[in-house]
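Just the heavy atoms: all of them, side chains too, but no hydrogens, waters or symmetry mates, feed the values below. The shown structure was predicted, so the numbers you read here are calculated from the model rather than taken from an experiment. So you know, we letter chains A, B, ... as the sequences are listed, proteins then strands, and number each from 1.
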Amino acid sequence: MRPAYSIVLFTTASGAGYGMLAWLGILGAAGLLPMAPPFGLAAFALAVALVGTGLIASTFHLGHRERAWRAFSQWRSSWLSREGVAAVATFVPVALYGGGWVLLGRTQGPWAVAGLATAGMALLTVYCTSMIYGSLKTVPAWHNGWVSPAYLILSLASGGVLLSAVAALTAEAPPELTRLTLLALAAGLAVKAGYWRHIDRPDDASTAETATGLGRIGAVRALLSPHTADNWVLREMGYRVARRHAGTLRRIAVILGFALPLAALGVTLAVAGFTGALTFAAAVSLGAGFAVERWLFFAEARHVVTLFYGEQRT
Amino acid sequence: MTCLPGTSAKKLGLVIDLDTCVGCHACVVSCKEWNTGGYGAPLSDQNAYGADPVGAWLNRVHAYEVTPAGQDAQIVHFPRSCLHCDDAPCVTVCPTGASYKRLADGIVLVDEDWCIGCGLCAWACPYGAREMDGQANVMKKCTLCVDRIYNENLPEEDREPACVRACPSRARHFGDLGDPQSEVSLLVLARGGFDLMPEQGTRPVNKYLPPRPKQAREATDRGAAGVAAGHERPEGFLGWLDRALDKLG
């Protein structure tokens, strides 16, 4: 599948933003985050900016952006529509909770309820994003049980690293947040490893034989393409660039996205000082690593329509 | 609403005969010709005369080599277009309601004024039946020539999809596959018509008829056999010439 940069930016940026909101909601309601005003202001501003950037980026690949508002209507059947509705609805508890925190300095009692609602809605939105892809039977690399856990855990991992960096730079990074972020990073690495192992096994449900129905006669080989030039379907769904470099790119994603942030955050727990620089470095490294991971998520995925065009398996 | 409308009793669709299709692309061209001036935005091409042309077409004809075990390969020409599925995944993923299936006749259509051009329906379709138009930036697909089949301004014999009308080998048939007594349904029954990728759970309305069984022959290397035959001794005048030339040297 063609990895549109707008979609890579959308899923990584909004994923990180919702991850930050989830931690702010849960740990803030539990009273485990610093209450220094600069932290609350910077954390909510960054989270909302990331979510907003992601949502705006997601409209860049549309043919008709001016009609994007219509996408809120089909929540009963479409995960893309559900994602849009959930994304907008999340702003309500975020506004209440963020306002209470930043303007009034309150996170307890009724404000904590808004915090938990913020976390719940943020994670629900990320789940909807994952199901846009997870619901597509035509792409076996997406239609499996690894995709939604990966989106959710990577959202929490990236949000945790960013929130740690904001806390370290504006107040003090609470060790609970650092430990939970380390846990999310480790879980994220495990889920991605499992995901990659899963998609490396070819999916035999659909083949050139079932696509053409000619398997009842014998082995099928594509002989003539229906068109001598490219077409939109092949440009969109016949993307093959990643296959050559998949191994290298996966290693880059693992090192930048997981190994370095794990090491940097681990050091901050063991050694005092440099916390700001280390968490900031972890955030930058993770951003690059997760962008590569998300690019691969699209570029490595094969669509069953390619079976008509000479692929034997997906 | 992009929820599917329930089961439509009438299921208009195509039956495509892979036995008689000769791969001439007449259906492809007539489809483009009719639909670029018919329902919705034109089917545009970009860079049509340049080095890298691309354009929206609603019907594509592949050719496959099929090799039965131990027998000679055969060529099958294979038209591919929207199958107007009963469980159309392209309809349910649409976030705007632009993509829909009609209860009245089962045709899957796109309301181009509502389409935001997100492309998700094309991702959801296993058959590559939807192509984004590069000019109008909306999704194009087979309409089953909805502007022909009910068009009383056309002579009755023209009230069928352009591809069916154009086919010179009668490899394409149009009718109501929801009616078990219709000509197309009886054809599907008689010839063992099948679905494409049934494992995708889309329940296509369009059916494909398999190529009729070929005369079973041992797989042979025809090329080598032909060359070997040429080395046999000819008879008659050529035989005399052959022998005479042998004697000369």
Side-chain angles (χ1 to χ4, degrees), chain A residues 1 59 61-68 70-84 132-133 135-139 205-206 208 210-237 303-309, chain B residues 1-3 18 23 28 52-57 60-69 71 73-76 78 80 89 91-98 114-120 122-128 130-132 134 136-138 194-201 208 210-211:
Chain A
M1 304 297 288
T59 66
H61 85 293
L62 298 182
H64 285 276
R65 243 181 295 171
E66 77 282 5
R67 301 175 187 163
R70 289 191 187 275
F72 296 118
S73 66
Q74 302 302 309
W75 48 270
R76 280 193 277 180
S77 71
S78 165
W79 282 104
L80 178 50
S81 188
R82 287 171 194 165
E83 199 267 349
I132 296 173
Y133 311 105
S135 66
L136 296 178
K137 247 181 142 174
T138 48
V139 184
S206 292
T210 67
T212 59
L214 297 171
R216 67 200 66 227
I217 301 174
V220 175
R221 186 172 75 93
L223 192 66
L224 299 173
S225 172
H227 36 92
T228 50
D230 223 351
N231 76 344
W232 183 83
V233 167
L234 284 183
R235 284 184 183 177
E236 190 76 4
M237 290 170 259
H303 195 285
V304 294
V305 74
T306 57
L307 297 170
F308 288 106
Y309 283 94
Chain B
M1 232 22 219
T2 52
C3 290
L18 298 178
V28 178
D52 191 18
V54 65
W57 300 68
R60 304 279 193 177
V61 179
H62 297 253
Y64 296 100
E65 179 194 74
V66 190
T67 314
Q71 291 178 39
Q74 41 182 293
I75 306 300
V76 178
F78 188 95
R80 176 174 59 81
V91 169
T92 51
V93 299
C94 177
T96 68
W114 283 35
C115 176
I116 58 174
C118 69
L120 191 59
W123 286 9
C125 171
Y127 310 108
R130 289 167 168 249
E131 300 194 12
M132 187 83 79
N137 293 323
V138 292
F194 59 82
D195 292 342
L196 304 188
M197 281 197 258
E199 71 280 0
Q200 288 280 333
Y208 283 73

Considering only heavy atoms, which portion of [X] lies under 4.5 Å from any heavy atom of chain B: side chain, backbone, both, or neither?
X: A:Leu136; value: side chain
X: A:Ala222; value: both
X: A:His61; value: both

Chain A contact via [X] - side chain, backbone, both or neither, heavy atoms under 4.5 Å:
X: B:Ala136; value: backbone
X: B:Pro89; value: neither
X: B:Phe78; value: side chain
X: B:Arg130; value: backbone
X: B:Val76; value: side chain

**Asked** With no hydrogens and no angle check, is any side-chain donor or acceptor of A:Arg67 less than 3.5 Å from a backbone partner on B:Cys115?
**Response**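 Answer holds: yes.
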**Heavy-atom donor-acceptor pair, B:His62 side chain to A:Phe308 backbone, under 3.5 Å** =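 Yes, the answer is positive, given that a donor and an acceptor are paired below the 3.5 Å cut-off.
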For chain A, find which of [options] contributes the most heavy-atom pairs closer than 4.5 angstrom.
options: B:Gly117, B:Gly23, B:Ala63, B:Pro53; result: B:Ala63
options: B:Asp52, B:Val28, B:Thr67, B:Leu18; result: B:Thr67
options: B:Pro210, B:Ala56, B:Pro68; result: B:Pro68
options: B:Glu131, B:Gln74, B:Arg60; result: B:Arg60

Taking the side chain as everything from C-beta on, heavy atoms only, tell me whether [X] gets closer than 4.5 Å to [Y].
X: A:Val305; Y: B:Cys125; value: no
X: A:Leu307; Y: B:Pro126; value: no
X: A:Thr59; Y: B:Ile116; value: no

Over all atoms of both residues, closest heavy-atom pair of [X] and [Y]:
X: A:Arg76; Y: B:Cys3; result: CB-SG, 4.0 Å
X: A:Trp232; Y: B:Ala122; result: CZ3-CB, 3.4 Å
X: A:Asn231; Y: B:Val54; result: CA-CG2, 3.8 Å
X: B:Pro95; Y: A:Leu80; result: CG-CD2, 3.5 Å

**Request:** Please report the C-alpha distance between A:Thr210 and B:Glu199 in whole Å, then the side-chain angles of each, then the deciding distance to 0.1 Å, and finally whether the side chain to side chain donor-acceptor pair (under 3.5 Å) criterion is met.
**Result:** CA-CA 8 Å; A:Thr210 67; B:Glu199 71 280 0; 2.8 Å; yes
Distance check, rounded to the nearest 0.5 Å: [X] atom [atom1] versus [Y] atom [atom2]?
X: B:Glu65; Y: A:Leu224; atom1: CD; atom2: CG; answer: 10.0 Å
X: B:Trp114; Y: A:Gln74; atom1: CH2; atom2: CD; answer: 7.5 Å
X: B:Leu120; Y: A:Ser81; atom1: CG; atom2: OG; answer: 11.0 Å

Between [options], the one whose heavy-atom pairs under 4.5 Å with chain B are most numerous:
options: A:Ala208, A:Ala229, A:Ser206; result: A:Ser206
options: A:Gly218, A:Ala219, A:Ser225; result: A:Ala219
options: A:Val233, A:Thr212, A:Leu62, A:Asp230; result: A:Thr212

**Request:** Show your reasoning for whether side chain to side chain donor-acceptor pair (under 3.5 Å) applies to A:Thr138 and B:Gln200.
**Result:** CA-CA 7 Å; A:Thr138 48; B:Gln200 288 280 333; 5.6 Å; no
**Asked** Going through the checks in order, is the side-chain contact (heavy atoms from CB on, under 4.5 Å) test met by B:Trp123 and A:Met237?
**Response** CA-CA 8 Å; B:Trp123 286 9; A:Met237 290 170 259; 4.2 Å; yes
**Item:** Aromatic B:Tyr64 / basic A:Arg221 pairing, under 6.0 angstrom, 45° off normal
**Value:**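 No - A:Arg221 does not lie over the ring of B:Tyr64 by the 6.0 Å and 45° rule.
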**Asked** Are any of the side-chain nitrogens in B:Asp195 or A:Arg216 under 4.0 Å away from the carboxylate oxygens of its partner?
**Response**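 Answer for the salt bridge query: no.
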